[in-house]
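Read the structure below first, then the notes.
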Amino acid sequence: MSTTDETVADAATVNGNGAASSSSATEIPVVNPATGEIIAHVPDSGPEEVRRAAERGRAVQPAWAALGYEGRGRVLRRAQKWIVDNKDEFIRTIVSETGKAWEDAQVAEVSYGAAAFGFWADNAEKYLSDEKVKTATPLLKGKKLIVRQAPLGLIGVIGPWNYPFTNSVGDSIPALAAGNSVILKPSEETPLTSIMMERALRECGMPEGVFQTVTGRGATGGALVDVVDMIMFTGSTKTGKLVAKAAAERLIPCSLELGGKDPFVVLADADLERAANHAVFYSMFNGGQTCVSVERVYVEAPVHDEFVAKVVEKVKALRQGVPNGPGAIDVGSLTFPPQLETVRQHVDDARAKGAQVPVGGNPDSSAKGLFYPPTVLTNVDHTMEAMTEETFGPTLPIMKVADVEEAIEKANDSPYGLMATVFTKDLEKGEQVARRLEAGMVHVNDALMGYTALELPMGGWKTSGIGSRHGAGGIRKYTKTQSIVISRFNLKKDPHEYPYTGRNYKLIGRIVKFFYGRGARD
Ligand code: NAD
């Protein structure tokens with residue numbers, strides 16, 4: 001497949017080798033959610049195909065690892081350039097299967113992809129190189145101690161539909177940089193971007209079989225967990241629990257990036273114009289389908305009405321429609337058909353319990369695409385699903401709170417803990433509030449952008465996940481730790497070995513007393 005337009009033209013089947021064939025019953029149609037058109041079919045891979053992919057991946061992994069950081073980095077840097085050189089094809093493919101705006105794809109997928117290929121090429125060695133350790137243990141003095149990170153072997157990556165590059169291929173990059181082979185199972189809703197990247201990586205010199213895409217539904221993901229050495233999962237908390245159980249059954253490590261319900265706190269001294277712009281952008285960006293999007297807002301009473309007025313005016317100005325090109329629209333369609341019902345349900349539930357809807361809230365039932373209008377809800381509380389469950393749509397519920405204490409209490413009243421934001425001009429206070437918010441990443445006077453700092457760990461607290469992506473932990477999770485102890489200056493026999501004698505007993509006792517016998521000084 002070279003462009004999505006070709007796929008639209010012949011509705012071909014696209015397999016992991018990028019080859020086209022005619023469609024059959026064991027295939028999954030890929031739909032453009034903004035237009036309702038079928039644009040391709042992909043194989044619904046069964047356990048046998050997954051097992052064969054695993055054999056291929058395992059066979060080529062040692063040679064890939066043997067290329068070293070420099071050799072692997074060369075391929076990754078070529079992929080970085082490929083993304084920049086083929087930006088339009090890349091964006092067109094993502095937009096065709098997600099319905100998002102071109103700008104959404106440019107900011108969160110092209111920029112992320114280009115940055116991530118370079119970052120992991122440049123930093124893998126720094127995060128994974130051997131560490132020499134000095135021990136305080138007396139019997140090991142003089143020995144050489146090394147901590148080494150070795151690739152785990154074959155990594156399975158399972159991704160969601162909201163960011164077909166960033167949360168699928170993106171998580172494969174550090175795994176590859178660490179010397180592993182990867183099998184990626186993208187979401188059945190958005191497989192075309194991953195297939196395109198498999199082809200692109202081959203063009204960039206990635207040896208055959210090192211990065212493979214297997215397409216399919218949940219069962220294919222389940223089959224993948226059964227054959228890999230580690231699973232990196234991004235998706236809903238519900239599926240994440242199933243993946244964690246399956247990984248536990250095999251005693252393989254798993255890293256989980258799951259759902260969120262991110263709070264956004266506006267204190268009375270905040271720059272309301274900046275806060276309103278951020279609340280609107282980061283709740284509507286990508287159609288609100290971002291794990292770390294602004295899902296609920298708490299505003300201190302004195303500035304509530306002014307903040308709401310600003311937000312409503314800005315949301316009214318948003319243009320929604322089919323994303324035909326750059327600048328065409330602000331907010332695209334939803335991507336996943338059941339999501340339309342979830343958003344409708346949350347808004348209707350809030351309305352029935354007394355919420356007001358100053359803008360949005362009335363989807364056009366005759367639209368061919370999956371469109372829900374950008375919507376603001378006010379007069380909301382925690383009896384409403386819109387404030388407690390992940391909506392994952394273009395909605396912005398705003399709740400009035402008495403003070404900062406109530407804002408913190410409400411923000412933390414959630415099973416999720418992915419990201420959070422606080423707006424205040426008092427930076428000291430902002431940092432203190434940030435430290436009390438239960439989330440893996442917190443912004444003061446900003447939102448979401450910390451995700452793009454690849455040096456910063458990004459992971460969820462509570463039911464939002466286990467482990468993290470980015471930073472040292474974002475690549476070390478794809479390795480196994482090996483400690484090596486080298487004894488350089490050797491007696492024929494060490495004093496603690498057989499036969500046990502009274503003399504040696506005393507000697508060891510003296511050593512213990514010398515090193516540890518001083519104890520507490522007060
Ligand atoms: P999902 O859980 O329905 O599906 C995710 C993936 O898991 C898909 O590829 C699916 O085919 C696969 N899958 C389904 N059942 C499986 C099983 N039993 N075993 C293995 N794999 C299985 O999630 P979704 O609807 O695709 O994505 C939306 C969710 O993802 C939202 O909750 C969102 O918050 C979350 N998300 C989180 C992050 C993050 O970084 N924390 C990023 C993006 C999305």
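Atoms within a ligand are numbered from 1 in the order they appear, just like the ligands themselves. Keep in mind it's a predicted model, so treat the numbers as computed, not measured.
Of all atoms in ligand 1, numbered sequentially from 1 with element shown, those under 4.0 Å from a heavy atom of Lys185 are 8 (C), 9 (O), 10 (C), 11 (O). Ligand-side atoms of ligand 1 in range of Val243: 19 (N), 20 (C), range being under 4.0 angstrom from any heavy atom. Applying the 4.0 Å criterion to heavy atoms of Arg217 picks out, from ligand 1, the atoms 11 (O). Proximity to Arg469 (heavy-atom distance under 4.0 Å) selects the following atoms of ligand 1: 39 (C), 40 (O). In the vicinity of Asn167, heavy-atom distances shorter than 4.0 Å reach the ligand 1 atoms 42 (C), 43 (C). Per-residue contacts place Asn162 under 4.0 angstrom from the following atoms of ligand 1 (heavy atoms of the residue considered): 43 (C), 44 (C). In summary, the atoms of ligand 1 found under 4.0 Å from a heavy atom of Glu257, numbered by their order in the structure, are 37 (C), 38 (C), 39 (C), 40 (O), 41 (N). Atoms of ligand 1 lying under 4.0 Å from any heavy atom of Leu418, numbered from 1 in the order shown and given with element: 41 (N).
At least one heavy atom of Trp161 sits less than 4.0 Å from an atom of ligand 1. The shortest heavy-atom distance from Gln289 to ligand 1 is not under 4.0 Å.
Comment: Arg77 engages Asp122 in a salt bridge, judged by a side-chain N to carboxylate O separation of less than 4.0 angstrom. Residues Lys462 and Glu438 are paired through a salt bridge, judged by an N-O separation under 4.0 Å between the basic side chain and the carboxylate. Residues Glu109 and Arg92 are not paired through a salt bridge, judged by the lack of any N-O separation under 4.0 Å between the basic side chain and the carboxylate. Here Asp413 does not pair with Lys410 in a salt bridge; the nearest charged N to carboxylate O distance is not below 4.0 Å. Ion pairing of Asp348 with Lys353 is absent here, as no side-chain N (NZ or NE/NH1/NH2) approaches a carboxylate O to less than 4.0 Å.
No part of Thr220 comes within 4.0 Å of ligand 1, judged by heavy-atom distances. For Glu188, every heavy-atom contact with ligand 1 shorter than 4.0 Å involves the side chain, none the backbone. With a 4.0 Å heavy-atom cut-off, ligand 1 is reached by no atom of Tyr163. When non-hydrogen atoms are compared, ligand 1 lies under 4.0 Å from neither the backbone nor the side chain of Lys238. Using a 4.0 Å cut-off between heavy atoms, Glu390 contacts ligand 1 through its side chain alone, with no backbone atom that close.
The shortest contact between atom 7 (O) of ligand 1 and any protein heavy atom is with Phe233 CE1, 3.2 Å. The protein atom (non-hydrogen) at minimum distance from atom 28 (C) of ligand 1 is Phe392 CE2, 3.9 Å. From the protein, the heavy atom lying nearest to atom 41 (N) of ligand 1 is Leu258 O, 2.7 Å. The protein non-hydrogen atom at the shortest distance from atom 12 (C) of ligand 1 is Ile158 CG2, 3.7 Å. Nearest protein heavy-atom neighbour of atom 19 (N) of ligand 1: Gly222 N, 3.6 Å. At the shortest separation from atom 18 (N) of ligand 1 among protein heavy atoms lies Leu242 CD1, 4.0 Å.
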| request: Apply salt bridge (Lys or Arg N to Asp or Glu O under 4.0 Å) to Arg52 and Glu55, showing your working. | output: CA-CA 5 Å; Arg52 279 203 298 271; Glu55 272 173 16; over 6 Å; no

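The structure places CE of Met230 at 5.5 Å from CD1 of Ile155, a figure rounded to the nearest 0.5 Å. The line from OH of Tyr478 to CZ of Arg476 is 15.0 Å long, rounded to the nearest 0.5 Å. Of the inter-residue distances, the one linking Leu154 atom CG with Gln212 atom CD reads 8.0 Å to the nearest 0.5 angstrom.
Across the listed options Thr237, Thr166, Thr239, Val225, Thr239 owns the non-hydrogen atom lying nearest to atom 16 (C) of ligand 1. Between atom 20 (C) of ligand 1 and the options Gly221, Gly259, Gly159, the minimum heavy-atom separation is to Gly221. With atom 42 (C) of ligand 1 as the reference point, the heavy atom nearest to it among Ser168, Gly218, Cys291, Ala219 is part of Cys291. The closest non-hydrogen atom to atom 27 (O) of ligand 1, taken over Gly465, Pro186, Pro160, comes from Pro160. For atom 29 (C) of ligand 1, the choice among Gly235, Gly240, Gly440, Ser187 with the nearest heavy atom turns out to be Gly235. The residue among Ala247, Gly170, Ser236 with a heavy atom at the shortest distance from atom 23 (O) of ligand 1 is Ser236.
Among Thr421, Val401, Val376, Ile398, the single residue meeting the side-chain contact (heavy atoms from CB on, under 4.5 Å) criterion with Val297 is Ile398. For the side-chain contact (heavy atoms from CB on, under 4.5 Å) test with Ile158, the passing option among Val225, Ile183, Thr220 is Val225; the others fail.
Between Trp82 and Phe90, the ring planes lie perpendicular to each other; the angle is over 60°, past the 30° to 60° tilted range. Tyr451 and His470 have perpendicular rings, their planes meeting at more than 60° on a 0 to 90° scale where under 30° would count as parallel. Classified by interplanar angle (parallel below 30°, tilted 30° to 60°, perpendicular above 60°), the ring pair Phe119/Tyr127 is tilted.
For Thr481 and Gln149, the side-chain atoms include at least one donor-acceptor pair closer than 3.5 Å. Residues Glu189 and Ser187 have side chains that never bring a donor and an acceptor to within less than 3.5 angstrom of each other.
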